[in-house]
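The structure appears right after this line, and notes come after that.
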2 protein chains.
Amino acid sequence: MKVTTQLEYGLCCIVALARLQVGDPASASDIAQSEKLPRQYVEKLLCRLKRSGIVRSVRGAKGGYLLARHPSELTVRDICDALDGGAYKLICEEESMRTKRCIPVSADGRCSLRFVWTELGSVINSYLGTVTVDALLSDGSCHTGKETPYQRPCTAGV
Amino acid sequence: MKVTTQLEYGLCCIVALARLQVGDPASASDIAQSEKLPRQYVEKLLCRLKRSGIVRSVRGAKGGYLLARHPSELTVRDICDALDGGAYKLICEEESMRTKRCIPVSADGRCSLRFVWTELGSVINSYLGTVTVDALLSDGSCHTGKETPYQRPCTAGV
DNA sequence: CCATACCCGACTATTTTTGTCAAGTTTTGC
DNA sequence: GCAAAACTTGACAAAAATAGTCGGGTATGG
């Protein structure tokens with residue numbers, strides 16, 4: 001399980017956009033260049049980010065992209081949702097997994113595993129939802145370097 | 001980002017083993033059959049789980065596998081660590097990413113993204129460390145179906 | 001001694017991810 | 001109006017990761 005470069009790049013682009021948050025739009029080429037990323041791939045990502053309303057675009061010469069929302073209103077989760085169709089995908093929702101394993105297994109009353117993956121998804125999304133792009137701009141200042149313990153809300157006897 | 005079938009299968013095998021926790025070992029074939037998984041793949045996974053000390057093996061006829069620890073002493077995190085080399089891998093640690101992006105970027109004082117991914121890793125590992133195999137045995141009982149909010153330990157001004 | 005079952009590295013196949021291409025549309029500046 | 005800049009898009013190609021197989025080896029109980 002790991003973050004895809006897609007997410008990394010996408011987030012990168014957003015942060016870059018947020019940095020040069022001035023009046024006029026930044027072109028895909030500008031962003032690609034400043035972040036040292038492949039231009040056409042950046043275009044593709046921005047396109048998806050646009051469809052999800054994370055960025056706005058201005059067409060034509062002098063056009064480019066702009067953040068659609070204020071960085072403080074934009075979380076890493078939003079970006080993940082836009083790009084990957086969510087930061088986290090449940091394994092049980094894959095066709096092959098459902099037909100080959102989960103259905104027969106849960107007919108057995110057995111798929112006790114699912115809840116771990118579901119809950120893990122919640123934990124991930126929930127965390128990513130707390131990180132705003134704004135926070136990413138103030139470089140490193142929020143990076144404690146220390147453990148971030150998971151605090152189970154209500155463990156036993158639920 | 002998603003859980004690999006490797007983890008799913010591995011966890012499955014462990015749970016199966018825990019279920020038939022009797023005196024004598026269960027063979028890879030037995031486990032594979034009962035969980036409807038490819039036998040040779042199961043063998044491979046068990047082999048890795050063995051190297052990490054999650055299961056023990058008994059060779060020869062009537063041999064097989066046994067849990068090395070009590071289910072209550074075994075967390076999903078342990079299993080992930082054994083199989084994938086951790087449930088979560090940091091993107092910055094990939095060679096290509098380091099040489100192509102992170103290093104030049106942080107020379108710019110820019111890799112403010114890293115802390116999100118690092119912290120995400122903590123959150124994931126931390127959560128998985130709270131789930132014991134034992135808890136998985138009592139099928140569904142701990143599955144609330146509801147959101148599991150992330151509780152940030154100390155947000156602002158750290 | 002032989003059937004069972006673990007052990008293990010090398011290999012193949014499949015799927016996912018990453019990245020490119022080419023053709024099209026919109027807009028600005030001259 | 002026309003050319004250049006820049007977004008839009010789907011199809012395609014390349015690369016990487018994952019999943020799964022094969023074949024031989026080794027240990028052991030009966």
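Proteins get letters first, then strands, A, B, ... in listed order; numbering begins at 1 in each.
The stretch residues 52-62 of chain A touches DNA chain D through A/S57, A/V58, A/R59, A/G60, A/A61, A/K62, each having a heavy atom under 4.0 angstrom from the strand. Contact check of residues 43-50 of chain B against DNA chain C (heavy atom, cut-off under 4.0 Å) returns B/E43, B/K44, B/C47, B/K50.
As a whole-Å value, the separation of B/L83 CG from D/dT18 P is 13 Å. Distance, B/R39 CZ to D/dC22 P: 10 Å, rounded to whole Å. For the pair B/M1 CE and D/dA17 P, the interatomic distance rounds to 17 Å; values are reported in whole Å. Atom CD in A/E35 sits roughly 15 Å away from atom P in C/dG19 (whole-Å rounding). To the nearest angstrom, C1' of D/dT8 lies 12 Å from CD of A/Q40. At whole-Å resolution of the value, CG in A/L7 and P in C/dT16 are 17 Å apart. Counting to the nearest Å, the P atom of C/dT4 and the CG atom of B/D24 are 17 Å from each other.
Under the side chain to side chain contact (heavy atoms under 4.5 Å, CB included) criterion, B/E73 pairs with B/R69, B/H70, sequence neighbours left out. Shown here are the side chain to side chain donor-acceptor pair (under 3.5 Å) partners of B/T75, two or more places apart in sequence or in another chain: B/D78.
In the helix from C/dC1-D/dG30 to C/dC30-D/dG1, the end axes, each obtained as the rotation axis mapping the C1' atoms of four pairs onto the next four within a five-pair block, lie 10° apart to the nearest 10 degrees.
One finds the CG atom of A/L128 at 10.0 Å from the CD atom of B/E119 (value rounded to the nearest 0.5 Å). For the atom pair A/I31 CD1 and A/L17 CG, the distance stands at 4.0 Å (nearest 0.5 Å). Here the CZ atom belonging to A/F115 is positioned 9.0 Å from the OG1 atom belonging to A/T118, to the nearest 0.5 angstrom. With rounding to the nearest 0.5 Å, the separation of CD1 in B/I124 from CD1 in A/I124 is 4.0 Å. Of the inter-residue distances, the one linking B/Y9 atom OH with B/L45 atom CG reads 9.5 Å to the nearest 0.5 angstrom.
Residue A/Y9 places none of its side-chain N or O atoms closer than 4.0 Å to OP1 or OP2 of C/dT17.
Candidate nucleotides D/dT9, C/dC6, D/dA19 were compared by shortest atom distance to the side chain of B/Y41, and D/dA19 ranks first. Comparing C/dG19, C/dT18, C/dC6 against the side chain of A/T4 picks out C/dT18 as the nearest. In this structure, of D/dC7, C/dT18, D/dA19, it is D/dA19 that holds the atom nearest to the side chain of B/T5.
In this structure, A/S72 and A/D134 approach most closely via the heavy-atom pair CB-OD2, 3.5 Å.
Screening residues 22-32 of chain A for side-chain hydrogen bond (donor to acceptor under 3.5 Å, both in side chains), with sequence neighbours left out, gives A/S27-A/D30.
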**Item:** Residues A/V3, B/V116; criterion side-chain contact (heavy atoms from CB on, under 4.5 Å); working and verdict
**Value:** CA-CA 11 Å; A/V3 167; B/V116 197; over 6 Å; no
**Item:** Residue pair A/V76, A/L136: steps toward the side-chain contact (heavy atoms from CB on, under 4.5 Å) verdict
**Value:** CA-CA 9 Å; A/V76 176; A/L136 293 180; 4.1 Å; yes
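Heavy-atom nearest nucleotides on DNA chain C were determined for B/D30 and for B/R51, and the one closer to the 5' end corresponds to B/D30.
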With a cut-off of 3.5 Å and sequence neighbours excluded, list every side-chain donor-acceptor pair involving residues 47-58 of chain A.
from	atom 1	to	atom 2	distance (Å)
A/R48	NH1	A/Q6	OE1	2.9
A/R48	NH1	A/L83	O	3.2
A/K50	NZ	A/S57	OG	3.3
A/S52	OG	A/R48	O	3.2

